[in-house]
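Every chain is numbered from 1, with letters handed out A, B, ... down the list of sequences.
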Amino acid sequence: TVLLALHDRAQQLKITEDRLAVTGEKGYCMVRATHSVNRGNWYFEVTIEEMPDTSATRLGWGQEFANLQAPLGYDKFGYSWRSRKGTRFHESRGKHYSNGYVEGDTLGFLIVLPEQR
Amino acid sequence: ELLKFNQLKFRKKLLKFAKSAIHDWGLFAMEPIAADEMVIEYVGQMIRPVVADLRETNYESRGIGSSYLFRIDMETIIDATKCGNLARFINHSCNPNCYAKVITIESEKKIVIYSKQPIGVNEEITYDYKFPLEEDKIACLCGAQGCRGTLN
Amino acid sequence: WSAFAPDFKELDENVEYEERESEFDVEDE
């Protein structure tokens with residue numbers, strides 16, 4: 001089962017017991033999930049169960065060196081899809097992608113990697 | 001320290017910022033200050049290091065010196081560039097009459113400038129910025145004896 | 001940045017900075 005990682009995250013974030021929720025109040029930063037891939041095609045889904053109105057998320061794929069003290073998509077190691085306005089980000093550049101997503105939405109993330117490592 | 005800090009907040013030291021022989025503007029004592037006194041707290045916006053890095057790049061690209069950033073610890077930097085108090089005007093000296101110290105008051109970390117020696121009226125307040133060593137150097141204008149020649 | 005800058009704010013105590021959601025963005029769509 002894919003869960004939020006307990007250690008691979010910005011230390012100021014709080015992970016719940018069931019490791020399916022994260023909260024933070026000291027600036028925008030990142031937590032990784034427990035599973036990584038390095039070849040072939042992979043797909044995961046996220047259902048937004050709860051997102052308080054002053055909160056926002058950026059979800060997607062991040063490589064090992066993505067800066068955990070910044071949002072996903074801040075540097076060249078991450079690709080994210082933002083809840084506000086549905087913008088996609090890479091290297092801090094936002095491009096239009098979809099409408100914003102909200103509680104109840106299920107997002108799909110596909111990554112296509114070469115078979116050889 | 002809590003007592004001294006509260007006294008400082010209750011009755012601030014008489015200081016003024018004015019043209020400095022060291023650089024641009026400086027902070028000057030308007031009353032005699034004894035040694036080991038709290039002179040002023042270095043006040044500004046508390047930000048995370050990663051935000052400070054972003055701002056430093058941004059300030060430099062706009063020609064605003066980044067010497068108003070003061071590291072409290074690994075999690076917090078005080079940025080006095082656009083909001084702060086008179087402490088932001090204190091110039092660096094390699095042979096200063098004050099020093100900066102991080103103290104903890106009611107679990108809040110604060111930067112306080114202490115006098116090292118008695119300071120006379122109209123004497124400029126200075127402390128050693130202790131900037132980390134960097135590639136591109138900033139010339140030091142303190143003119144003090146034993147000046148190191150650069151800030152970083 | 002001189003204290004005479006129009007948007008300079010005098011502070012008596014440190015203030016915690018509230019980061020914006022777009023704090024780190026270079027460009028936003």
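- A salt bridge does not link B:Asp79 with B:Arg71: none of the charged nitrogens is closer than 4.0 Å to a carboxylate oxygen.
- Centroid-to-centroid, the aromatic rings of B:Tyr114 and B:Tyr99 come within less than 6.0 Å.
- A salt bridge between C:Glu23 and B:Arg48 is absent, with no side-chain N of the basic residue lying under 4.0 Å from a carboxylate O of the acidic one.
- Side-chain polar atoms of B:Glu37 and B:Ser115 form no donor-acceptor pair below 3.5 angstrom.
- Ring-plane geometry between B:Phe89 and B:Phe17 is classed as parallel, the angle between the planes falling under 30 degrees on a 0 to 90 degree scale with a further cut at 60.
- Of the listed residues (B:Lys110, B:Lys12, B:Lys9, B:Gln45), the one with the most heavy-atom contacts under 4.5 Å to chain C is B:Gln45.
- Salt bridge absent: B:Asp36 and B:Lys116 never bring a charged side-chain N and a carboxylate O closer than 4.0 Å.
- The nearest pair of heavy atoms linking B:Ile125 to B:Cys98 is CG2-SG, 3.6 Å.
- Contacts between residues 14-22 of chain C and chain B, defined by a heavy-atom separation under 4.5 Å, are made by C:Asn14, C:Val15, C:Glu16, C:Tyr17, C:Glu19.
- Interface remark: B:Glu41 contributes side-chain atoms only to the contact with chain C (heavy atom separation under 4.5 Å).
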